[in-house]
Amino acid sequence: MKTARTQYHAEFEQEMLPYTDALFTYALYLTNDREQAQDLLQDTYMKAYRYYGKFERGTNARAWLYRILRNTFINEYRRVQRLPDLVQFDEQLSSYKMSDSLNSGAEEILRSADTELFGDEVSEAISALPEKFKSVIILRDVQDLPYEEIADALKIPIGTVRSRLHRARALLFDTLKGYARSHGFAVGETFNGGSVAFAG
């Protein structure tokens with residue numbers, strides 16, 4: 001007969017361990033260091049295990065784990081890394097707008113590369129983004145999470161997810177214009193509209 005602790009452990013493994021690889025990828029982009037990413041992942045699972053009794057069964061386990069990982073990173077890891085402070089940007093889309101073709105171009109480049117095998121230019125560009133923009137572009141364009149799940153993981157409204165993703169793609173592609181051209185994309189710029197359009 002299973003003890004309560006054995007049952008707790010078995011349920012935790014079944015519900016939480018399937019997301020290990022995705023969480024490690026997220027941790028790797030946040031820390032930009034494999035050893036620190038492994039430590040961050042371990043800390044995340046230790047906290048998740050400790051508080052699993054408070055996890056509401058049937059709710060989104062993956063979003064819960066992402067939230068723990070991100071909060072752990074912000075609270076414990078950013079202090080000891082030489083990372084820039086979070087840059088404050090207006091959440092509203094203003095003069096820096098992107099066309100639908102840029103959005104699809106962003107997704108195409110990101111999805112065309114293996115998660116951990118991006119070209120150096122792309123990896124560095126993502127790593128250089130402020131954390132709040134980095135998180136949404138990793139969770140959406142790299143790991144393909146739905147907007148609702150990202151909002152749940154980051155504890156922000158869906159509208160904020162969309163605006164941050166829009167801004168992140170703009171910042172990313174402003175950095176990656178030369179990389180895009182070298183990989184066969186025809187990049188056109190309309191500075192008065194603040195948009196960059198890609199033609200395959």
Side-chain angles (χ1 to χ4, degrees), residues 12-13 15-56 59-91 106 110 113-118 120-172 175-176:
F12 178 85
E13 286 191 340
E15 184 134 32
M16 301 295 168
L17 292 188
Y19 305 112
T20 302
D21 289 345
L23 286 167
F24 178 73
T25 298
Y26 184 36
L28 189 59
Y29 274 102
L30 289 178
T31 62
N32 203 29
D33 180 272
R34 182 170 291 274
E35 184 174 340
Q36 289 183 6
Q38 291 172 341
D39 290 343
L40 177 55
L41 181 67
Q42 182 177 15
D43 286 353
T44 297
Y45 271 102
M46 288 176 62
K47 290 180 180 179
Y49 187 81
R50 179 181 177 185
Y51 294 106
Y52 184 62
K54 297 181 179 180
F55 173 70
E56 184 179 347
T59 59
N60 195 322
R62 180 168 61 175
W64 188 66
L65 287 168
Y66 274 119
R67 192 181 316 135
I68 293 172
L69 189 150
R70 180 175 182 266
N71 288 342
T72 301
F73 170 72
I74 290 173
N75 293 333
E76 300 179 17
Y77 284 80
R78 288 189 69 256
R79 291 198 298 263
V80 298
Q81 295 186 51
R82 295 178 179 176
L83 295 178
D85 292 336
L86 292 182
V87 178
Q88 298 299 317
F89 285 89
D90 180 9
E91 296 292 351
L110 290 170
D114 291 335
T115 299
E116 290 192 47
L117 298 178
F118 282 163
D120 289 342
E121 294 89 345
V122 177
S123 294
E124 290 172 6
I126 293 175
S127 295
L129 289 172
E131 185 276 328
K132 67 180 183 178
F133 298 136
K134 186 191 305 184
S135 287
V136 293
I137 205 161
I138 293 168
L139 296 179
R140 178 60 188 167
D141 286 345
V142 176
Q143 300 192 329
D144 202 27
L145 269 64
Y147 289 102
E148 293 81 4
E149 192 167 336
I150 298 170
D152 188 16
L154 302 182
K155 290 307 233 186
I156 56 177
I158 290 179
T160 302
V161 172
R162 293 181 184 277
S163 66
R164 286 186 183 180
L165 181 62
H166 209 80
R167 183 77 68 171
R169 288 171 175 168
L171 293 170
L172 187 60
T175 303
L176 291 173

(request) Any chance you could measure L41, atom CG, to L65, atom CG, to the nearest 0.5 Å? (result) 9.5 Å
(request) Answer yes or no: is there a side-chain heavy-atom contact under 4.5 Å between D141 and R169? (result) yes
(request) Quick one: pull up CG in L145 and CD1 in I138 and give me the separation to the nearest 0.5 Å. (result) 11.5 Å
(request) Provide the closest heavy-atom pair for P146 versus R140 in the form atom of the first, atom of the second, distance. (result) CA-NH1, 3.8 Å
(request) Kindly indicate whether the side chain of K132, heavy atoms from C-beta on, has any atom under 4.5 Å from the side chain of I156. (result) no
(message) Is the shortest side-chain heavy-atom distance between L30 and L69 below 4.5 Å?
(response) yes
(message) Using 0.5 Å steps for rounding, measure from the CG atom of L23 to the CD atom of Q143.
(response) 7.5 Å
(request) Quickly, which of F12, Y49, W64 forms a ring pair (Phe, Tyr, Trp, His ring centres under 6.0 Å) with F55? Name it, please. (result) W64
(request) Would you indicate whether the side-chain heavy atoms of Q36 and L40 approach each other to under 4.5 Å? (result) no
(request) Find the distance between CD (E149) and CD1 (I158) and round it off to the nearest 0.5 Å. (result) 11.5 Å
(message) Quick one about Y66 and S135 (side-chain donor to acceptor, distance below 3.5 Å, no hydrogens or angles considered), yes or no?
(response) no
(message) Side chains of Y52 and E15: any donor to acceptor distance under 3.5 Å?
(response) yes
(request) Could you grab the distance from atom NZ of K47 to atom CD1 of I68, nearest 0.5 Å is fine? (result) 8.5 Å
(request) Compare all side-chain heavy atoms of E148 with those of N60 and state whether any distance is below 4.5 angstrom. (result) no
(message) Taking the side chain as everything from C-beta on, heavy atoms only, tell me whether L172 gets closer than 4.5 Å to F133.
(response) no
(request) Drop me the distance from Y45's OH to L17's CG, to the nearest 0.5 angstrom. (result) 5.5 Å
(message) With a 3.5 Å distance limit and no angle check, can you tell me whether K134 reaches the backbone of I126 through a side-chain donor-acceptor pair?
(response) no
(request) Kindly indicate whether a cation-pi arrangement holds for R70 with Y26, taking the cut-offs as under 6.0 Å to the six-membered ring centre and within 45° of the axis. (result) no
(request) Please report the closest heavy-atom contact between S163 and T160, naming both atoms and the distance. (result) OG-O, 3.1 Å
(request) Specify the closest pair of heavy atoms between D152 and A63, including all atoms of both residues, with the distance to one decimal. (result) OD2-CB, 3.6 Å
(message) Taking the side chain as everything from C-beta on, heavy atoms only, tell me whether F24 gets closer than 4.5 Å to R34.
(response) yes
